[in-house]
Engineer: 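Once you've had a glance at the structure underneath, I'll fire off some questions.
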Amino acid sequence: MPDEDSKIDHYVLEYRKTNFEGPPRAKEDQPWMVIEGIKGTEYTLSGLKFDMKYMNFRVRACNKAVAGEFSEPVTLETRAFMFRLDASTCHQNLRVEELSVEWDATGGKVQDVKAREKDSKGRTASPANSPAR
């Protein structure tokens, strides 16, 4: 991080996708994508593809007259994770099926539970038996 009296005006960030695991190589197939004019020492890169295997990043500081050398490239990845929603424990207004989820504003689960509770003997539709509890 630069000192308070630093002459750094802005930073340039470059990144590119790579197709291999490990440190960056001298020659790559993918071109560098450039983001110029970054004023702070932190930047959020949006629009990255989910589950992209590996990406190289490098940065350099610039003042009003000249740009410095690039930093050593860093290799990162955007890992993916898999999850499933459980129909028996999800919100009462969610209708969960194999690969789809749908919002049911009428709260279909509550209606189904109340109907089952009326059919069963000795049980009433009380808040203690509510699926929202």
Engineer: I'd like to know whether Asp86 forms a side chain to side chain contact (heavy atoms under 4.5 Å, CB included) with Val96, so could you lay out the CA-CA distance, the side-chain angles of the two residues, the decisive distance to 0.1 Å, and finally the verdict.
Structural biologist: CA-CA 7 Å; Asp86 182 7; Val96 178; over 6 Å; no
Engineer: In Å, rounded to the nearest 0.5 Å, how long is the span from NE2 of His91 to CG of Asp104?
Structural biologist: 11.0 Å
Engineer: Name all pairs fulfilling the salt bridge (charged side-chain N to carboxylate O under 4.0 Å, His left out) condition that reach into residues 58-70, sequence neighbours left out, sorted by first residue then second.
Structural biologist: Asp9-Lys64, Glu14-Arg58
Engineer: Quick check for you: to the nearest 0.5 Å, what is the distance between Ile38 atom CD1 and Leu13 atom CG?
Structural biologist: 4.5 Å
Engineer: For Val12, what are the other residues in its hydrophobic cluster, where any two members join if their side-chain heavy atoms are less than 4.5 angstrom apart?
Structural biologist: Val34
Engineer: Are Tyr11 and Trp32 grouped together when hydrophobic residues (ILVMFWY) are joined by side-chain heavy atoms under 4.5 angstrom apart?
Structural biologist: no
Engineer: Got a sec, which pairs hit ring-ring contact (aromatic ring centres under 6.0 Å, His included) with one end in residues 56-78, sequence neighbours left out?
Structural biologist: Tyr15-Phe57
Engineer: Can you confirm whether Asn56 sits close enough to Val74 that some side-chain heavy atom of one is under 4.5 Å from a side-chain heavy atom of the other?
Structural biologist: no
Engineer: Could you work out, with salt bridge (Lys or Arg N to Asp or Glu O under 4.0 Å) as the rule, every residue matching Glu102, not counting sequence neighbours?
Structural biologist: Arg95
Engineer: If two hydrophobic side chains count as joined below 4.5 Å and joins carry through other members, does Tyr43 share a cluster with Leu76?
Structural biologist: yes
